[in-house]
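Read the structure below first, then the notes.
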Amino acid sequence: MPTHPIAFLGFGNVGRALARLLLRKQEDIDREFDLQFCVTGIATGRLGQWIDPQGIDLDRALTHLEADQPFPGRCDLPIPDFFAASQAQVIFESIPVNYETGQPAVGYLRAALEQGRHAISANKGPVVHAYRELTELARSRGVQYLFESAVMDGAPIFSLARETLPGAKIEGLRGILNSTTNLILERMETGETLEDAVSYAQAIGIAESDPMGDLDGWDSAVKVAALCTVLMRVPLKPQQVQRRGILGITPAEIEQTRQLGQRWKLVCSARVEQGVLKARVAPEMVGADSPFYNVSGTSSIVTFETDVLPALSIVEGNPTPETTAYGMLADFIHTLRK
Ligand SMILES: NC(=O)c1ccc[n+]([C@@H]2O[C@H](COP(=O)([O-])OP(=O)(O)OC[C@H]3O[C@@H](n4cnc5c(N)ncnc54)[C@H](OP(=O)(O)O)[C@@H]3O)[C@@H](O)[C@H]2O)c1
């Protein structure tokens, strides 16, 4: 079997977790799937690009990153030229999300696909802003555009629908899709203030320095839009999702709810009602009889309502960047096995 050249566009938390996972799983992947690969390009923002069609030592690349040292023979090519110079057959894209436009990732993915390279992305921006365009482009070039990690990290959501539910129609969904707010609400149940709970989420690296995208429900809205666009085949922009975040919930309300034996959760939902898709993100009180009640900490859940299976749930416990990396690895194996 030939060795498949692969390149990383973005080498932050997710890119590096993927590099470590590939190193850890390399032998298993070879043995189980007869699939060999070598890394021929890594592109970052600050440290520039490392390109070597003969193969890059991933351990060495990780060491450079950890020491914040520029790559040897640093390049700063335009990204389409970086793809071409790396000669990679598969591009792993994990650059920061742009909720409003999906750029510049959309343009980069378009360039990769136009050049006949498979594109595997952890980025939800391109899914909500360019899913149809990128999927049709990939099809026309005989390559794959896959993005399992864009929603619920590595949990098999998109591949579940694509590979295991032939003929089923997803008619609705409900879920907890934002880890940060789920953790914050849980910590507030113990009497912590919103500010302290946010600081804790930032200290453990799950909330960004500006946490508003999580708190105001915007991240959840983007994920619901991605699920509706891909799985319910209704193109939906995040702005079309009715949205309320968790900022209006007071500590007193959290305590009253706890005393009633219930919990606040930021719930995402979408459903076709009289031919119109209604999608929303809003805090809800859930009781112990709800599957959402025990979704704790940074865990997440989605329950699909289909025309054949009334309620099919996937729960993901305590995700890490390695969980996200696994979604990309699964996409990689799916892609090359095809
Ligand atoms: N973290 C998670 O667990 C998780 C889960 C699901 C999905 N995701 C998605 O995965 C993506 C990456 O997340 P992350 O946590 O890994 O982010 P991150 O740590 O900020 O890493 C982003 C990487 O992209 C590089 N980069 C930024 N702009 C670039 C550009 N224009 N060209 C080339 N490289 C560029 C950055 O380089 P510099 O640092 O040098 O600027 C860095 O290497 C995001 O879209 C995120 O929404 C993340």
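Just so you know, ligand 1 is whichever comes first in the structure, and atom 1 is the first atom listed for that ligand.
Nearest protein heavy-atom contact of atom 45 (O) of ligand 1 is Ile95 O, 2.7 Å. Protein heavy atom closest to atom 40 (O) of ligand 1, with residue, atom name and distance, is Arg46 N, 2.7 Å. Among protein heavy atoms, the minimum distance from atom 34 (N) of ligand 1 is reached at Thr44 C, 3.4 Å. Shortest contact from atom 15 (O) of ligand 1 to any protein heavy atom: Asn13 ND2, 3.2 Å. The nearest heavy-atom contact from the protein to atom 47 (O) of ligand 1 is Lys124 NZ, 3.4 Å. Gly45 N, 3.9 Å is the protein heavy atom nearest to atom 36 (C) of ligand 1. Nearest to atom 28 (N) of ligand 1 among the protein's heavy atoms is Pro96 CD, 3.9 Å. Ranking protein heavy atoms by distance to atom 9 (C) of ligand 1, first place goes to Ala122 O, 3.3 Å.
How far OG of Ser313 is from CD of Glu305: 11.0 Å, rounded to the nearest 0.5 Å. Within the model, atoms CZ of Arg263 and OG of Ser296 stand 4.5 Å from one another, a figure rounded to the nearest 0.5 Å. Going from atom CG of Leu18 over to atom CD1 of Ile6 covers 7.0 Å, rounded to the nearest 0.5 Å.
Considering only heavy atoms from C-beta on, Lys25 stays 4.5 Å or farther from Ile333 through its side chain.
Checked against a 6.0 Å centroid threshold, the rings of Phe92 and Phe332 count as neighbours.
If you number the atoms of ligand 1 from 1 as listed, the ones under 4.0 Å from a heavy atom of Phe11 come out as 23 (C), 42 (C), 43 (O). Heavy-atom proximity to Asn123, at under 4.0 Å, picks out these atoms of ligand 1: 45 (O). Near Asp153, meaning under 4.0 Å from one of its heavy atoms, ligand 1 places the atoms 5 (C), 6 (C). Atoms of ligand 1 found under 4.0 Å from any heavy atom of Tyr108 (numbered from 1 in listed order, with element): 31 (N).
Here the options are Ile254, Thr180, Leu266, the test is side chain to side chain contact (heavy atoms under 4.5 Å, CB included), and the partner is Ile246; only Leu266 passes. Screening Arg271, Arg233, Gln240, Met232 for a side chain to side chain contact (heavy atoms under 4.5 Å, CB included) with Leu277, the sole residue that qualifies is Met232. Under the side chain to side chain contact (heavy atoms under 4.5 Å, CB included) rule, Ile91 has a single partner from Leu109, Leu9, Ile79, Val143, which is Leu9. No option in Asn178, Asn182, Thr181 other than Asn178 meets the side chain to side chain donor-acceptor pair (under 3.5 Å) test with Asp214.
For Glu255, the CD atom counts as densely surrounded, since its 6.0 Å shell holds more than 12 non-hydrogen atoms of other residues, nucleotides or ligands.
At a 4.0 Å heavy-atom cut-off, ligand 1 touches Ser149 through the backbone alone.
Checking Val14, Ile206, Leu9, Asp219 against atom 48 (C) of ligand 1, the nearest heavy atom belongs to Val14. Taking all heavy atoms of Gly10, Gly327, Gly12, Pro104 into account, the minimum distance to atom 25 (C) of ligand 1 is reached by Gly10.
For atom 17 (O) of ligand 1, the nearest protein heavy atom is 4.0 Å or more away.
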